[in-house]
Amino acid sequence: MSEIFAQRLKEEREARGWTQQYLAESLGLTNGTISGYERNYREPDFLTLSRIARLLEVPTAYLLGETDRKPKAAIAEELASYDAGPHPLPNAPETAEAIALIERAWSGLTPAERRKRLDFLKNYTKLLDDPEA
């Protein structure tokens, strides 16, 4: 694959506080396999790459170096800047859960696709507030 994949896999694993053993067990692989990926002398097949990306909650494009934007940070920034108005999002567990769900669901979308969905949600919530609108 590439040095970028090896580096990003290790960074994402360590950012979560996971050991190679934990990641390997979660994927049904051996510790040596994960070590090989992170040292750039082994390459996962497409299915394994997809499973790694899902487990780490990042798109394969990020792991492969096709984009440099960390998806969660980019989505969180976009949500924070989108027509927040005078009322910031409440700091509640439900809000954190909702944002995490959106981040997972939207991580593979383009900015235009995310904008389209944000517009839909904005209009939908207006409808919920005022069904006569």
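Along the sequence shown, residues are numbered consecutively beginning with 1.
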Heavy-atom closest contact (Pro59 atom, Ala53 atom, distance): C-CB, 4.2 Å

Heavy atoms only: give me the nearest Asn40-Ser2 pair and the separation to one decimal. OD1-O, 3.2 Å

Count the heavy atoms of every other residue, nucleotide or ligand shown that sit under 6.0 Å from CZ of Phe46, and state whether that count exceeds 12. no

For the residue pair Glu11 and Gln7, confirm or rule out a side-chain donor-acceptor distance under 3.5 Å. yes

Nearest 0.5 Å, what's the OG-CG distance between Ser35 and Leu29? 12.5 Å

I need the single residue from Leu47, Thr60, Val58, Leu9 that forms a side-chain contact (heavy atoms from CB on, under 4.5 Å) with Ile52. Which is it? Leu9

Enter the distance from Ile34:CD1 to Lys10:NZ here, rounded to the nearest 0.5 Å. 13.0 Å

Under the salt bridge (charged side-chain N to carboxylate O under 4.0 Å, His left out) definition, can you give me all pairs with a residue in residues 27-39, not counting sequence neighbours? Arg13-Glu38

In short, Tyr37 meets Arg42 closest at the heavy-atom pair CD2-O, 3.6 Å

Leu55 meets the side-chain contact (heavy atoms from CB on, under 4.5 Å) criterion, sequence neighbours left out, with Trp18, Leu23, Ser26, Leu27

Please name the pair of heavy atoms, one in Leu49 and one in Pro44, separated by the smallest distance, quoted to 0.1 Å. N-CB, 4.0 Å

Taking the side chain as every heavy atom from C-beta outward, state whether Tyr62 and Glu12 have any atom pair closer than 4.5 Å. yes

